[in-house]
Trainee: 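Sharing a structure below in structure tokens format, with a few things to ask.
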Amino acid sequence: MIVSHRSTGCRSLPGPRYDAPVNTKLIDKFGRHVDYIRLSVTDRCDFRCVYCMTEDMTFLPRREILSLEELYEVARAFTELGVRKIRLTGGEPMVRSNVMSLIERLGKLPGLKELLLTTNGAQLDKYAVALRAAGVNRVNISIDSLDAGRFARISRVGKLDKVLAGIDAAVAAGFERVRLNSVVMRGYNEDEVLDLLDYAIARKLDIAFIEEMPLGEASDHSREETTCSNDWVRSVIEQKYRLLNSAEKTAGPSRYAQVLGHDSRVGFISPVTHNFCADCNRVRITVEGRLLLCLGNEHSVDLRAIIRDQSRTFDDLKQAIIAAMDLKPERHYFYDAEHAQPVRLMNMTGG
Ligand code: SAM
Ligand code: SF4
């Protein structure tokens with residue numbers, strides 16, 4: 001069940017395959033069109049998931065993180081350049097003070113087609129209705145176990161019942177295609193794949209299984225020992241369900257399959273065992289205002305320096321973003337000894 005990282009079959013890119021949108025001004029040197037950003041609104045979180053953070057985290061001082069106004073300006077610059085989809089992430093977006101005021105403004109951004117949120121769900125019982133009213137189109141909710149004790153072990157401090165209530169609240173608020181995200185880890189939850197899928201099917205939710213990525217050092221485990229390949233996850237699912245691969249492109253990293261006879265789809269996010277970099281249409285902005293061109297590489301541009309420099313204009317910000325596209329690397333090289341591995345933890349990256 002553990003992946004063999006060194007025989008992942010990653011290959012050189014055959015060239016861009018993503019159906020390019022016509023309007024974006026953001027095109028990298030491999031011809032990939034960027035029309036999707038993941039905007040991190042905080043590095044903080046009310047959980048401490050073992051694959052994402054260390055137990056005693058030090059978070060960024062306030063002066064180093066973008067203000068809500070600065071985050072809005074970054075989002076506005078990207079949408080003016082052709083970005084049509086923004087996913088809010090973190091850290092846990094819903095712990096950022098006054099985040100709803102930002103979300104309400106983003107929901108009205110001209111040109112934006114999809115405003116999405118990835119959340120641990122713990123506060124959705126409070127915010128689901130307001131998020132929908134603010135224009136959030138869809139939510140992804142992370143849940144790695146349906147057993148309260150295990151959930152607490154994986155999230156270190158999270159409460160399962162809060163997340164389950166959050167999922168119910170998202171459905172009740174009318175969000176369509178609510179998707180669960182589960183990181184499958186050997187020795188933690190690998191025997192819950194079918195339980196998680198059954199739970200999703202019973203509620204007509206989608207679910208994505210995510211391979212644990214080597215982003216920074218995990219403090220409680222060796223990632224090479226815990227990472228489960230999605231080929232293995234799929235084989236477990238196929239002992240009970242028939243899956244039909246979907247041709248649908250979601251402009252994200254998931255490859256979807258329909259669960260035959262049910263409304264749910266299963267997504268497989270397999271950055272460790274399969275390389276889909278040729279289709280990459282996204283970049284990330286950390287809460288420090290660093291434009292990260294690739295999840296698995298350090299290439300970045302400091303947008304905060306431009307925003308906070310009184311002599312620079314909004315147009316300078318846009319020009320810097322356009323120029324940054326040349327830095328987008330061809331691909332990541334997870335677990336490849338010949339390439340440096342990311343030292344950033346996921347909460348600093350923006351998942
Ligand atoms: N706090 C929110 C949440 O948990 O959904 C949003 C941020 S979190 C960093 C985004 C996603 O990244 C979650 O689904 C989480 O499970 C996933 N994630 C975090 N660290 C990861 C890692 N090392 N490998 C794979 N997925 C990871
Ligand atoms: Fe928090 Fe999400 Fe990271 Fe878990 S995965 S520690 S909920 S940011």
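Since this is a predicted model, take the numbers as computed values, not measurements. For ligands, and for the atoms within them, numbers begin at 1 and follow the listed sequence.
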Trainee: Do other residues, nucleotides or ligands put more than 12 heavy atoms under 6.0 Å from the NZ atom of K29?
Mentor: yes

Trainee: Please work out which of E92, M213, R223 has its closest non-hydrogen atom nearest to atom 24 (N) of ligand 1.
Mentor: M213

Trainee: Any idea which atoms of ligand 1 are less than 4.0 Å away from a heavy-atom of V183?
Mentor: 16 (O), 26 (N)

Trainee: Is the NZ atom of K159 crowded by more than 12 outside heavy atoms at less than 6.0 Å?
Mentor: no

Trainee: Between E211 and ligand 1, which residue portion shows a heavy-atom distance shorter than 4.0 Å: side chain, backbone, both, or neither?
Mentor: backbone

Trainee: At less than 4.0 angstrom from any non-hydrogen atom of N120, what atoms of ligand 2 do you find?
Mentor: 7 (S)

Trainee: Check whether any heavy atom of C45 sits under 4.0 Å from an atom of ligand 1.
Mentor: no

Trainee: Any carboxylate oxygen within less than 4.0 angstrom of a Lys/Arg side-chain nitrogen, looking at D206 and R265?
Mentor: yes

Trainee: With side-chain hydrogen bond (donor to acceptor under 3.5 Å, both in side chains) as the criterion, how do R179 and N181 come out once you've worked through the C-alpha distance, each side chain's angles and the decisive distance to 0.1 Å?
Mentor: CA-CA 7 Å; R179 191 184 89 185; N181 279 348; 2.8 Å; yes

Trainee: Near E212, which atoms of ligand 1 are under 4.0 Å from a heavy atom of that residue?
Mentor: 24 (N), 25 (C)

Trainee: So is G90 close enough to ligand 2, meaning a heavy atom under 4.0 angstrom away?
Mentor: no

Trainee: Verify whether one side chain among R223 and Y51 offers a donor that lies under 3.5 Å from an acceptor in the other.
Mentor: no

Trainee: Which atoms of ligand 1 have any heavy atom of N181 under 4.0 Å away?
Mentor: 14 (O)

Trainee: Does CZ in R242 sit with more than 12 non-hydrogen atoms of other residues, nucleotides or ligands closer than 6.0 Å?
Mentor: no

Trainee: If you count the atoms of ligand 1 from 1 in the order shown, which ones are under 4.0 Å from a heavy atom of I210?
Mentor: 14 (O), 25 (C), 26 (N)

Trainee: Could you list which atoms of ligand 1 come closer than 4.0 Å to a heavy atom of N120?
Mentor: 2 (C), 3 (C), 5 (O)

Trainee: Please list, in number order, the atoms of ligand 1 under 4.0 Å from a heavy atom of T89.
Mentor: 6 (C), 7 (C)

Trainee: Which part of T118 is near ligand 1, with near meaning a heavy atom under 4.0 Å away: side chain, backbone, both or neither?
Mentor: both

Trainee: For ligand 1, which is the ligand I care about here, please tell me if G91 has any N or O atom under 3.5 Å from one of the ligand's N or O atoms.
Mentor: yes

Trainee: Looking only at heavy atoms, what is the nearest atom pair of R156 and C49, with distance?
Mentor: NH1-O, 3.9 Å

Trainee: Identify the two heavy atoms, one from R234 and one from A257, that lie closest to each other, and give their separation to 0.1 Å.
Mentor: NH1-CB, 4.2 Å

Trainee: Pull out every atom of ligand 2 sitting under 4.0 Å from any heavy atom of F47, numbered as shown with elements.
Mentor: 6 (S), 7 (S)

Trainee: State if S40 counts as touching ligand 1 under the rule of any non-hydrogen atom under 4.0 Å.
Mentor: no

Trainee: With the threshold set at 4.0 Å, does a side-chain nitrogen-carboxylate oxygen contact exist between E104 and K108?
Mentor: no

Trainee: Among I210, T273, V233, which one satisfies side-chain contact (heavy atoms from CB on, under 4.5 Å) with F268?
Mentor: V233

Trainee: Backbone, side chain, both or neither: what part of T119 comes under 4.0 angstrom of ligand 1, heavy atoms only?
Mentor: backbone

Trainee: If you measure every N or O of D144 against every N or O of ligand 1, does any of those distances drop under 3.5 Å?
Mentor: no

Trainee: Give the numbers and elements of all ligand 2 atoms closer than 4.0 Å to a heavy atom of C45.
Mentor: 1 (Fe), 6 (S), 7 (S), 8 (S)

Trainee: Any atoms of ligand 1 less than 4.0 Å from a non-hydrogen atom of G90? List them with their elements.
Mentor: 7 (C), 9 (C)

Trainee: Please identify which atoms of ligand 2 are closer than 4.0 Å to at least one heavy atom of G91.
Mentor: 8 (S)

Trainee: Quick check against the 3.5 Å criterion: does T119 have a side-chain atom that pairs as donor or acceptor with the backbone of I141?
Mentor: no

Trainee: State plainly whether the residues R105 and E69 are in salt-bridge range, i.e. N to O under 4.0 Å.
Mentor: yes

Trainee: Please work out whether any backbone atom (N, CA, C, O) or any side-chain heavy atom from C-beta onward of C49 is under 4.0 Å from ligand 2, and answer side chain, backbone, both or neither.
Mentor: both

Trainee: Hey, is R304 close enough to E70 for a salt bridge, meaning N to O under 4.0 Å?
Mentor: no

